[in-house]
Each structure stands twice: as structure tokens, then as C-alpha cells.
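Okay, so here's the structure we're looking at.
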Number of protein chains: 2
Amino acid sequence: MTLPKNKSRRVTLDDVATRARVSAVTASRVLRKPEMVSADLRARVDSAVRELAYVPNQLASALASSHTGRIGVIVPSLTNGVFGDYLRALHDVFIPAGFQVLVLNSHYLPGREEKAIATMLGQFPEAIILAGIGQTTQARKSLQQAGVPVVQTMEMTDDPIDINVGLSQVGAGYAAARHLFDLDHIHVGQISAPHDSRSRKRVEGYMQAVGEFNAVPMVISADQPSSVPLGGQMLIELMSRWPKVTAVFCGNDNLALGALFECQRRRIRVPDDLSIIGFNDLEVSACAYPSISSIATPRYEMAQRAAEIILEIIRGTGTRPKQRQIDLGFRLIARDSTGRAG
Amino acid sequence: MTLPKNKSRRVTLDDVATRARVSAVTASRVLRKPEMVSADLRARVDSAVRELAYVPNQLASALASSHTGRIGVIVPSLTNGVFGDYLRALHDVFIPAGFQVLVLNSHYLPGREEKAIATMLGQFPEAIILAGIGQTTQARKSLQQAGVPVVQTMEMTDDPIDINVGLSQVGAGYAAARHLFDLDHIHVGQISAPHDSRSRKRVEGYMQAVGEFNAVPMVISADQPSSVPLGGQMLIELMSRWPKVTAVFCGNDNLALGALFECQRRRIRVPDDLSIIGFNDLEVSACAYPSISSIATPRYEMAQRAAEIILEIIRGTGTRPKQRQIDLGFRLIARDSTGRAG
DNA sequence: TTGTATGATGATTGCGCTGTCAATTGTTCC
DNA sequence: GGAACAATTGACAGCGCAATCATCATACAA
């Protein structure tokens, strides 16, 4: 009988080849380019694969071909709803194209991101997709040296490592604040968890609007990760510090949700007493009561676009697209949580 | 000068060795077991590594040592808050121990899970952690054949593939329903998204309680992924079909949140008109208004325990713990959304 | 019949690293 | 002074697979 020589060992291509009475090369070809092999041998190899329950060793395959079929993705958070759509888009494009998507988490910390990038590069991904533009100098260097396509997403930069697909966080923050000023609010506050560097950009946008409308900046921020309860806490702080506030721009929808609950708890009517706008337009915002105004960001499209660009580069032997900076914009979604002042 | 022979090529261990004027083996040792190398050579190698910005090729390393340092994790959803704590615990244990955590998403579909398991096994993880016990026969076979520790989590089974750390979903579902009956509710409804097999187990628990209290089962389920808005929709359906309902057990906290919003929208007072209990005790439940009663599941502890068991097996040359089934239980968290009937 | 083109199959080599064992050096003890 | 030993270091083979080129059989044209 043709059994694996060593029982305790994993089944290798050689075992399959031996069993099918062909050479290892032919067995390999049946798996990768079946059309190059005659029907007879192909059937023999196929059944040997099935009988032995052969699983190709991707490590060896990747080492020999220097082609890993892996796409590296680094996001600052897995649980943040924002990255659900984002990762879904990446899967939707890459999996059918025969690539694996490898996700690492940077926890909103540049240091962790640098480590994650190093780890990722050790896996030899064929491209890397990053959330944000704030990589460390060291990380930028490693990425450039790696010689694979790199796409920075979620925000815009004038100096991309390679490709940049995003939106203006400052502009989006400005739009959110502007929406409140346009509703004649004068005392417009801002709460955010500045762990997230994009959140800080949105505050910049808010400051721009504040300047433009000659308003007084009222900003509360907390040195901890964003969460729903934090939104409530910061709202209290904001209102006790600036009791005249009639509208608040929350750095993201979770904070907005927490703020809304706190209003309900304190019998603050939304939007009559206080207008609330969030950011990112998560699913929950539309069905909250009252529904929460927000800024919708093109998360799915952004990741999709990034993925498509990468596929084009990989398949097109490395030719970069003409446009290396792509701004996908954002949309203001006015709902019931924001109303006219007075 | 000792530069890499080929400029367009990645830096290899040989390049480092040449530059440091040592053998490749020594260079390798400096990186893996520095205490075995003299201080002099160690310094030379270290600086060569730095100067050449050498990144070890994990592929080659893993192939040669048959030790990948990877832990495979398969979860049904990344965006579900439940798996935030879970993944955090895994990282907290494995990263300091020098392992990488590889996460794949099964989207609550056994077929996708089977594929994810196959993909994972091709990466040669040193252990696999699964959420749930409902793997396909094929998947079970592959896992057993792989010969690595496998831990099934989140629920209990009498027939674990290898190790099982979880809690009784039926029991927890019973406890949730029981809580409502104990508050003298007679018409107790249940809404859930049965995509999630654990959710179905909780319905079983609900049915047990219904039987015990001679109540009429009132179950609504939707054939789509769970979400906050879905909770609202199913609540409407439940109440229009059984208008007498005064309490509802929601399959998870997101559904409960959606149900709560719908009540606010329709001026149904919670808990006066309707009691609501969720499941999983996500962060948002405690800060909602009113705060939502729930069943707290030991997600962090469960993953932590699983990780520790795995480390012990890997380090202890494969000895399994005496106890292969570990029930970590659950806790009923009664909050303001559930009140006495009448 | 011979020569050539075509397609199918196999032998060999090497991807970059680590396990193993041999070789070398220095050290200690009697 | 030499044996016995420990501490370093290096040579070599091989992990499992794929790229490359060589070989072989077949078909067809001249």
C-alpha cells in the first residue's frame, strides 16, 4: 500500500504523488493548473488528495513561490462598528479574487501600529491597507522598503506613503458643527475621546466653524477610549461647565448615543433643549429615539476602492494609478436629534 | 563593503551574517537564543540587523522549525460587541506569551466556518479556538486530524472536539425568562434572530420556563442578522400578534436596545407597560434609559481560560487538563427595564 | 521514412530558515 | 602537562513546495 511513510507526520504533496503514481510536480500542477494535466492523471491525483485528506502547506508554497496571497490590514479597533463595513468591503473584494485578508489591531496607538506593521511585514503580505495617516517615521520607512502597495485610508494627506483613499476629517467635522450653527445655535459644544487621531481632526473642523461664527469654543475630551457611557459623562461635564449650551457635536455616534441617554435620564428634551449630532452614521443612529443626526462616511466604498486599486496594481505588474489621492467625501444626515435653536 | 548581493532582493539572514562576519547559524541564534552567543558576536549581529533593517522571514522560519507561533481564532462576527471582550482576552494572554492571534470570521454560517477552519489549518496554527459547538462533521474531522489543541467556547457540549469552555445557553435563556415569570408576568414574549445558534438555545431555555409556568409561548424570529433596528421591528410584530404581552426576552442586547427605542417611539412605558430583558450585558445596556436588564456572560474569563489552557498544553508537551469541560456560568443582572407585572 | 512541432510529464534546484551534530576554543582539575 | 569538560561556533541537511528546464511521447508535415 501507498501510505504516508511516517504516520505521525502531516500528509505532503509527495505522499499524494506517490499514492497517485505520478511525480510531485504533476501533483502540484493538478492543484494549481489542472488544465495542463491529462484527465487520467488528474483524476488519479484528485482521488489521492481526497483519500489522504491532503491540505497544502501554505508556508512552503509561499516560500517557494514568493507569493503569499495575503493582504495585510491594520485597523485601530475591531469592535468599533465603523470597521465592520470597512472589513466587509475588503473581504467582498479580496476573497473572490483569491486573497486572504489578515487583520491586525493597533488599538489607536501609533506604537502598537508600528509593531503591527512589523509583524505584518514578516508575513510578506502582497499589499497593506492602513486606517489613518499617522504612522510613525519608522513604520513609514519599513513600509516603503517593503516594496508592496500601501493604501492609507479614512483621511486625506498631502504626503501619502503610496496611495491614499479617504475623506477630509477636518471638513467633515466642520460640516457637523456648521449644521448646528446653521440651525442658529450659538452655544455649540463638542465632546470627543481624543485617543482617535481622526476624532481630533474633527475637533479642528469644529474649531474652524466656531471661529467663522464668532462663537466660543466649548470642548470636553476624556483620556480614555470612546464608549457609550463616556458620552453621557462628557455631556454632563460639558453642561455643568457651560450651562448655556444648546447643541453638541459628539465625536462619534457612540458618544452621541450615550449623550442622548443621559438627556433622557435628566429630562433634557432632544432636540428642544439640546441638539445632538454624532459622527459616522452607525446603524443605531437611525433607529434611536429621537433618531440621531450624523455625518455619514463612505466606509464601505473607501475600503472597496482601496481593494480594487490594490488588485489592479498587483495584477497589472505594479503600475500605480494616475491619481494617488482620492477623496470620497461624506454626507450630512440631518435627523430628529438636531433642531432649530430657540 | 558587505552589502546585500542583490539590491532588489529582501535582506536575508545570510546578508546579516555576512555583514557581521559570522555564520548564518550564529546570526539566527542571536535572534532566537541570544544567551547562547558571546557578547562580542551578539553585538556585531545586532548592529548588522539594524543597519540592514533586517526583518526575519516568518514563512521560512515556520517551515524550518514547524513552529508558527500562531493561534487560530474563529468567531461568527467581528462587529458584535460580544466578541470585543473575547478577542481582547485572547490578545492579553497570547501576545505577551509570544504568539500571534489570527482571527477569521464565520458570519454565523456553518459553511463559512468550515471554510474558515480549512483556511486556518493551512496556516498551521498551534491551537484553534472556536466560538460555539456546532461545527460541521467535515470540520470536526479536519480539526481532529490536525492534532492541535482545539477549544470550543461560548456554550457547553457533552461531546467536545477536544476542550470545551463555556456556559449553558439553555440555562441562561431559562434564567432570563424565569426572571420575567418571577416578576409575575404571564404573557412573556421572546424575540430573536436565529442566525445565531446560541440564540436558538436561549429560546429553548425560554420554552422550558414557559412550560414550567404553564404559559403560552410567544416567539418571533427573523431570518436576518441581528441588529438594533431589527429589535424594534420584531417587537412590533410580537405586540401586534399578542397584544397582551407585558414582558419580552430579547435574544441579545442589541435587539433589546432596538425594542427599547421602539417603546420610546410608541410611548410604551418601560417597565410599567412592558418589561424588557436582553442578553450578554453589553456596555450600552447599563447606561441606556431605562437601564436594560440582561444576562451577563463571562466572555473575557472564558477566552482567558481557553487561552491559558492552550498555553499549558503547548508548553507542557501536550498534556491535556483533567477537566475537558468547563462551565463558567452566567449572572442575571436585574436593572430598571424589568419590573413587577400589574 | 524522417524531421519537427506540440503537449504532457519529470528531475533538479532553491526559497530562507532552523535542528542537529561536529569542530574549535578555552578552562579546570589533578 | 595533559585529560576531561564546558562554552562557542560552524557545516550541513532538510522543512514542503514551485520555477525552471529537460525529457519523452505523440502527431503531423514533407
Side-chain angles (χ1 to χ4, degrees), chain A residues 4-6 8-46 48-49 52-70 98 121-124 126 146, chain B residues 4-6 8-46 48-49 52-70 98 121-124 126 146:
Chain A
K5 297 152 206 163
N6 182 337
S8 70
R9 213 200 34 175
R10 269 187 126 102
V11 176
T12 72
L13 192 58
D14 262 321
D15 299 322
V16 172
T18 306
R19 176 157 197 137
R21 281 163 292 129
V22 298
S23 72
V25 184
T26 301
S28 171
R29 264 196 287 258
V30 170
L31 298 173
R32 288 176 301 125
K33 301 171 182 171
E35 73 283 359
M36 284 185 65
V37 179
S38 65
D40 174 36
L41 294 196
R42 200 187 315 154
R44 292 220 309 260
V45 171
D46 278 338
V49 164
L52 297 176
Y54 170 66
V55 178
N57 185 331
Q58 304 218 11
L59 259 40
S61 166
L63 182 61
S65 67
S66 58
H67 180 292
T68 58
R70 289 188 200 156
L121 289 176
Q123 312 267 350
F124 295 78
E126 305 197 19
Chain B
K5 297 149 205 165
N6 182 337
S8 69
R9 212 199 34 173
R10 270 191 126 101
V11 177
T12 72
L13 192 58
D14 263 322
D15 299 323
V16 173
T18 307
R19 175 153 197 142
R21 283 162 293 129
V22 298
S23 73
V25 185
T26 301
S28 171
R29 265 196 286 258
V30 169
L31 298 173
R32 288 175 302 125
K33 301 170 183 173
E35 73 282 358
M36 285 186 64
V37 178
S38 66
D40 174 37
L41 293 196
R42 202 187 314 155
R44 292 222 307 263
V45 172
D46 277 338
V49 164
L52 296 176
Y54 169 68
V55 178
N57 185 331
Q58 304 218 11
L59 258 41
S61 166
L63 183 60
S65 67
S66 58
H67 180 292
T68 58
R70 287 187 201 155
L121 289 177
Q123 311 267 349
F124 296 80
E126 304 196 20

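Values below: all heavy atoms of this structure, side chains included; hydrogens, waters and symmetry mates excluded. Here is how names work: the chains are called A, B, and so on, in the same order as the sequence lines, proteins then strands, and each is numbered from 1.
When all heavy atoms of A:Val16 and A:Ala48 are compared, the closest pair comes out as O-CB, 3.8 Å. Pairing each heavy atom of A:Arg44 with each of A:Arg21, the nearest pair is NH2-O, 3.1 Å. Of all the heavy atoms in B:Tyr54 and B:Leu13, the pair that sits closest is CE1-N, 3.5 Å.
C:dC17 atom P lies 11 Å from atom CD of B:Gln58, rounded to whole Å. In this structure, B:Asp14 places its CG atom 9 Å from P of C:dC15, rounding to the nearest Å. Nucleotide D:dG16 holds its P atom 22 Å from the NE2 atom of A:His67, rounded to whole Å. Atom NZ in B:Lys33 sits about 13 Å away from atom C1' in C:dC17, given to the nearest Å.
Using a 4.0 Å cut-off, no side-chain N or O of B:Arg10 falls inside it from OP1 or OP2 of C:dG16. Note on A:Tyr54: every side-chain N or O is 4.0 Å or more away from OP1 and OP2 of D:dG16. Contact annotation: A:Ser61 side-chain N/O to D:dA18 OP1/OP2 distance is under 4.0 Å.
A salt bridge does not link B:Asp15 to B:Arg19: none of the charged nitrogens lies less than 4.0 Å from a carboxylate oxygen.
Proximity of a side-chain donor or acceptor of B:Arg42 to a complementary backbone N or O of B:Pro34 within less than 3.5 Å is detected. Although no hydrogens or angles enter the test, the distance criterion places no donor-acceptor pair under 3.5 Å between the side chain of A:Gln123 and the main chain of B:Gln58.
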Anything under 3.5 Å between a protein N or O and an N or O of nucleotides 6-15 of chain D, put it in a table, one pair a line.
residue, atom, partner, partner atom, Å
D:dT9, OP1, B:Ser38, OG, 2.7
D:dT9, OP2, B:Ser38, N, 2.8
D:dT9, OP2, B:Ser38, OG, 3.3
D:dG10, OP2, B:Ser23, N, 3.2
D:dG10, OP2, B:Ser23, OG, 3.0
D:dG10, OP2, B:Thr26, OG1, 2.4
D:dG10, N7, B:Arg29, NH2, 2.9
D:dC15, O2, B:Ala64, N, 3.4

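Using a 4.0 Å heavy-atom criterion, one finds that B:Phe124 contacts no nucleic acid atom at all.
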